[in-house]
Student: 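Below you'll find the structure I mean.
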Amino acid sequence: MRKRWPDEKGRRFYKDLQKRLSEKLHHLDNVELRNINTLLAIDVSYKEGHAMVCGVLWDVGKACPFAIYRYIEPVYFPYISGLFFIRELPPIVRLAKKVAIDYDVLLLNAVGAAHPEGIGLATHAGLYLEKPSFGITERIPYGFYEMPEKREKAWRKILDSNGNTIGYVIRSQKYVKPVFVTPGYRLKPETALSLAMSLPFNARLPEPLRLADRCSKKDFKKEVKIRGCENETIHSIKYPAMTGKQPG
DNA sequence: GCGACAG
DNA sequence: ATCTTGTCGC
């Protein structure tokens, strides 16, 4: 993994890019809940300099998985809050490209609109893969909200500084710590909320993500030995919508 | 220098 | 995310 990257200049570039991209996305939030039957839930775990990605194809109506994919590659970039996509988008994209079966929506263990520039990893993933997307996390890097009552199964809005709804805090069961649901790409906040609440919650995170999380950790060492390294980096990934040049 | 920081 | 033992509380 490269060290000390991106530098201040690089970070500013990506922050500005995110701001520009984010402004163009609002008009595209037109996917309706009734057209969503399947989703691909993705999660990543890390060990020994490698990223293990797991994708779970989930049938929303039957509430069960119907295919599972795994993929591993070296880690090339550090984690930076607000620029999480630089680290995790590349492996996620390469896992998703191995999924030949079609699906309706992407679900990431990352934030979408509840982000300083309004465009977290969940948004980047949908944008890059041209799929509607949303995210569910245990914490958020940006947003204003009140906690739902501890002893109630309930949800509350998450607002940005202008009072716009950018997601929801939802307590899936009494006394369970809340999770944060945020729209990513082509979904309205309410649609992401409804979709999230239609999933089974046997733990803090909904079943498809919990499954993806568990499978991304299983037999990690073994996989690291078997697989080779694919020498690709963030630089090999170009957004169709990206304009402007990278610094340096 | 120290704490905070989506995963 | 990951490194890590026991422990307190909902």
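Labels below follow one simple rule: chain letters A, B, ... track the order of the sequence lines, proteins then strands, and each chain is numbered from 1.
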Student: Only counting residues at least two apart or in another chain, list the ones meeting side-chain hydrogen bond (donor to acceptor under 3.5 Å, both in side chains) with A:R171.
Tutor: none
Student: Any side-chain heavy-atom pair from A:I80 and A:P6 closer than 4.5 angstrom?
Tutor: yes
Student: Considering residues at least two apart in sequence or located in another chain, which fulfil the ring-ring contact (aromatic ring centres under 6.0 Å, His included) criterion with A:F84?
Tutor: A:Y79
Student: Given the C1' atoms of B:dC5 and C:dT2, what is the spacing between them in whole Å?
Tutor: 14 Å
Student: For a 4.0 angstrom threshold against heavy atoms of chain A, report the outermost contacting nucleotides of DNA chain B in 5' to 3' order.
Tutor: B:dC5 to B:dG7
Student: Would you mind reporting whether A:F85 and A:Q18 have side-chain heavy atoms less than 4.5 Å apart?
Tutor: yes
Student: Enumerate, atom names and distances included, each donor-acceptor pair closer than 3.5 Å involving a side-chain atom of residues 55-67 of chain A, sequence neighbours excluded.
Tutor:
{"residue": "A:D59", "atom": "OD1", "partner": "A:G61", "partner atom": "N", "Å": "3.0"}
{"residue": "A:D59", "atom": "OD1", "partner": "A:K62", "partner atom": "N", "Å": "2.8"}

Student: Could you write out DNA chain B as dot-bracket? Rules: Watson-Crick or G-U wobble, both distances under 3.5 Å, brackets [ ] for crossings, | for pairs with another strand, dot for unpaired.
Tutor: .......
Student: State which residues pass side-chain hydrogen bond (donor to acceptor under 3.5 Å, both in side chains) with A:E8; sequence neighbours excluded, sorted by chain then number.
Tutor: none
Student: Does a side chain donor of either A:Y175 or A:E152 reach within less than 3.5 Å of an acceptor in the other side chain?
Tutor: no
Student: Looking at every strand, decide which applies to A:I42 at a 4.0 Å heavy-atom threshold: base, sugar-phosphate, or nothing.
Tutor: nothing
Student: Less than 4.5 Å apart, any side-chain heavy atom of A:K98 and any of A:Y71?
Tutor: yes
Student: What is the nucleic acid contact for A:F84, judged by heavy atoms within less than 4.0 Å: base, sugar-phosphate only, or nothing?
Tutor: base
Student: Side chains of A:L129 and A:K97, heavy atoms from C-beta outward: is any pair under 4.5 Å?
Tutor: yes
Student: Relative to the 5' end of DNA chain C, which residue comes earlier, A:D213 or A:Y175, by the nucleotide with the nearest heavy atom?
Tutor: A:D213
Student: What stems involve DNA chain C, if each pair must be Watson-Crick or G-U and both of its distances must be under 3.5 Å, with 3 or more such pairs in a row?
Tutor: none
Student: Salt bridge (Lys or Arg N to Asp or Glu O under 4.0 Å) with A:K188: which residues, sequence neighbours excluded?
Tutor: none
Student: State, yes or no, whether a side-chain contact exists between A:L40 and A:V105 at a heavy-atom distance under 4.5 Å.
Tutor: no
Student: Hey, is A:D16 close enough to A:R20 for a salt bridge, meaning N to O under 4.0 Å?
Tutor: no
Student: Where along residues 135-172 of chain A does a heavy atom fall under 4.0 Å from DNA chain B?
Tutor: A:T137, A:E138, A:R139, A:I140, A:P141
Student: Round to a whole Å and report the spacing from CD1 of A:I80 to C1' of C:dA1.
Tutor: 15 Å
Student: Test of understanding: with ring-ring contact (aromatic ring centres under 6.0 Å, His included), list the residues that count as partners of A:Y168, not counting sequence neighbours.
Tutor: A:W155
Student: Among residues 184-201 of chain A, which ones have heavy-atom contacts with DNA chain B below 4.0 Å?
Tutor: none
Student: List the atom pairs, with distances to 0.1 Å, where a side-chain N or O of residues 135-151 of chain A and a protein N or O form a donor-acceptor pair under 3.5 Å, not counting sequence neighbours.
Tutor:
{"residue": "A:T137", "atom": "OG1", "partner": "A:R139", "partner atom": "O", "Å": "2.7"}
{"residue": "A:E138", "atom": "OE1", "partner": "A:R204", "partner atom": "NH1", "Å": "3.4"}
{"residue": "A:Y142", "atom": "OH", "partner": "A:S161", "partner atom": "N", "Å": "3.0"}
{"residue": "A:E146", "atom": "OE1", "partner": "A:R156", "partner atom": "NH1", "Å": "2.8"}

Student: Scan A:D43, A:I72, A:V44 and name whichever one has a side-chain contact (heavy atoms from CB on, under 4.5 Å) with A:M52.
Tutor: A:I72
